[in-house]
Amino acid sequence: MKNGRINLTDKEFYALGEVLFSNRCMKKEKQESILQYTAQEVQSYLNYGKRLENLAISQPDRIAIVDEEERITYGQLRQRCLMLAAYFQNEGIQKGDKAALQMENSAMFILVTLALFEIGAVPIMLLPAHQRIEIEGVVRKAEPKVMITDAGNSEYQKMIQKIFDENDSVQKWYITADLKELQLGNNVKLQVTEEIRQDDLAMLLLSGGTTGVPKMIPRTQGDYIYNNEALSRSLKLNETDVFLAVLPMAHNFPLGAPGLMGTLLAGGTVVVSKYNTPLEIFSLIEEEKVTFVSMVPAILNMCLQYRQYDDTDDLSSLRFVMVGGAMLPTELSRQVDDMFACKLIQIYGTAEGLCCINSLEDAWEIRCTVQGKPCSPFDVLKIIDENGNEAGVGEEGELITKGPYTIQEYYRLEDKEYQYFTNTGYYRTGDKVRIDEQGNVIVLGRAKEQINRAGEKIMPSEVEENLLMHEAVKECAVVGVKDAVLGNRICAFIVSEDKNITLSEARCFLTDKGMASFKLPDQLEIIASMPYTAVKKIDKKRLVAMLEQ
Ligand code: J2J
């Protein structure tokens, strides 16, 4: 990679995809013949440290990150990253060591993440909403060497302290405010260590699990950069782009699709939104001349409603608004271009890898109704029926996929992998989709039971298991019910002799059990007995129908 050049040529981008795809999805014999690139070039393109180093040289004074407290140039970003990386290294954190990270949106989130990448340490991306059950589960399973969190309140500190005390793997717990204040003398310098390769583990993203412990998604430096880059190219991002990070940055969508990482790799500016209210979103768009923002349908809905009351903020800098993470009703999609005077771009993405996206050139009707095409020419998509047989063109069924940046196994999964991957290495998305003649994916719903509440994914079994621990609950079933604001709300049906049990009591009970707030039921229904199917499974379809009637 030549110093000072930021963007890859089309040929280079194609070659990278081919290299990654062949590494992952082809037999060894075939791989050699495909390598058009020298190994050296591949390694330097697919490495965050090297890419940011280049940007710091070519555009040291351009603003990379803006948050409530500071504006950081590319030059400063590189310098501070290296300093923090040197500090971590000096503290004994090495390549391959894991760091459980739980932080609110801030510039520090990005600095800490990039500093860990620099030394090959692996952040585990806990969401701010994760509570004791999830944090503890992840710490037990992944055995991080350190934890890095915001200060939080005294209750939060007590919880983290307890997890820290009870888990031998964790040697140190850092508070981000202290890391920000670090003033290091000349004696702490980054030592040259083992090279960070494209196929080294970069981070563990988290996805909903069946037991309360999130599944851990191992993403490599190479596959993640390629994923960022593929999306960034289809959106024609460049150094003049300004991305507003609204969703929690530990989530794949704002982090890498193309999100803040894609924006930084293109040399643009990342603006950090902390509170994700329409008020903050619109004023940041005006103040920072934001060119694109990504949101889930529930936040889009709030923004559209707000805009109807107050349309005074100047949104003319926006090129497009990306929406994904959950089904977007067409009544909403059709309003976006008009209300924001920019293009709606739908994205259907997964933290496991595959991302499909509308093109900026797609006609309005297309952008309002389909979720787009895979972002890499090497993505392989297939639709299967209930028996696992491949469906015909245009037919609906479950989407399975493999490709250059899609995982083929979870990290340390105790559950059985076969429900998530086929024996030919395809990831089973669990989504019911159809693919149109142009190759656009249209998401129709879930093939799996998972509930999608405002973009957060919840497995009913997880809520059920915890509810059953309540002494008054004899039987329970948790279902997702259509909701105008949330997409789906969580409804818990219980059979109980105690007719006085209330929703708020159930929520408090689950909170005490340490469950994340987004997993708590929105509605509680007490019923005399559960409806059962012929094979004696709880008939969840009937339960949903009872509410939707
Ligand atoms: C319907 N359902 C969708 C869409 C994702 C970009 C955007 C979102 C995510 C994400 C992501 C959907 N319409 N447009 O990682 O890179 C549901 C599907 C999918 C699941 C993945 C990205 N876009 N979904 O939401 O790993 O059910 O990633 O399988 O959290 O969200 O969830 P997650």
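Along the sequence shown, residues carry numbers from 1. Start at 1 and go down the list; that is how both ligands and their atoms are numbered.
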Candidates Gly353, Gly349, Gly324, Pro254; heavy atom nearest atom 5 (C) of ligand 1 found on Gly349

Could you pull out, from Pro258, Gly325, Ser207, the option with a heavy atom nearest to atom 24 (N) of ligand 1?
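Selected option, by shortest heavy-atom distance: Gly325.
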
Would you mind running through ligand 1 and noting each atom that sits below 4.0 Å from a heavy atom of [X]?
X      : value
Met327 : 1 (C), 2 (N), 13 (N)
Cys355 : 16 (O)
Gln371 : 14 (N)

Which protein heavy atom lies closest to [atom], and at what distance to 0.1 Å?
atom                    : value
atom 6 (C) of ligand 1  : Phe253 CD1, 3.5 Å
atom 27 (O) of ligand 1 : Asp431 OD1, 2.6 Å
atom 15 (O) of ligand 1 : Asn252 ND2, 3.0 Å

Below the 3.5 angstrom mark, is there an N/O of [X], backbone or side chain, next to an N/O of ligand 1?
X      : value
Ile347 : yes
Ala351 : yes
Gln346 : no

Centroid-centroid under 6.0 Å between [X] and [Y] rings:
X      : Y      : answer
Phe421 : Tyr426 : no
Tyr410 : Tyr420 : yes
Tyr405 : Phe21  : no

* Asked: Should the pair Arg307 and Phe340 be classed as cation-pi, given the thresholds of under 6.0 Å to the six-membered ring centre and 45° from the axis?
  ->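 No; the conditions do not both hold, so Arg307 does not lie above the ring face of Phe340.
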
Out of the candidates Arg219, Lys98, Lys215, only one should pair with Tyr411 under the side-chain hydrogen bond (donor to acceptor under 3.5 Å, both in side chains) rule; please name it.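 So the option named by the test is Lys98.
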
Under 4.0 Å between heavy atoms, the region of Lys457 that gets near ligand 1 turns out to be side chain

Short version for His251: what comes under 4.0 Å of ligand 1, heavy atoms counted, is side chain

With sequence neighbours left out, the residues meeting side-chain contact (heavy atoms from CB on, under 4.5 Å) with Gln308 are Gln335, Met339

### Residue pair Glu456, Lys519: steps toward the salt bridge (charged side-chain N to carboxylate O under 4.0 Å, His left out) verdict
CA-CA 8 Å; Glu456 302 282 8; Lys519 296 177 182 172; over 6 Å; no

Worksheet entry | Donor-acceptor contact below 3.5 Å, side chain Asn440 vs main chain Ile435 |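 It does not hold such a pair.
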
key: Heavy-atom gap Ala326 to ligand 1 smaller than 4.0 Å   = yes

| request: Only pairs at least two apart or in different chains count here, so list each salt bridge (charged side-chain N to carboxylate O under 4.0 Å, His left out) that has a residue in residues 253-276. | output: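 Checked against salt bridge (charged side-chain N to carboxylate O under 4.0 Å, His left out) - neighbours excluded - the pairs reaching residues 253-276 are Glu68-Lys274.
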
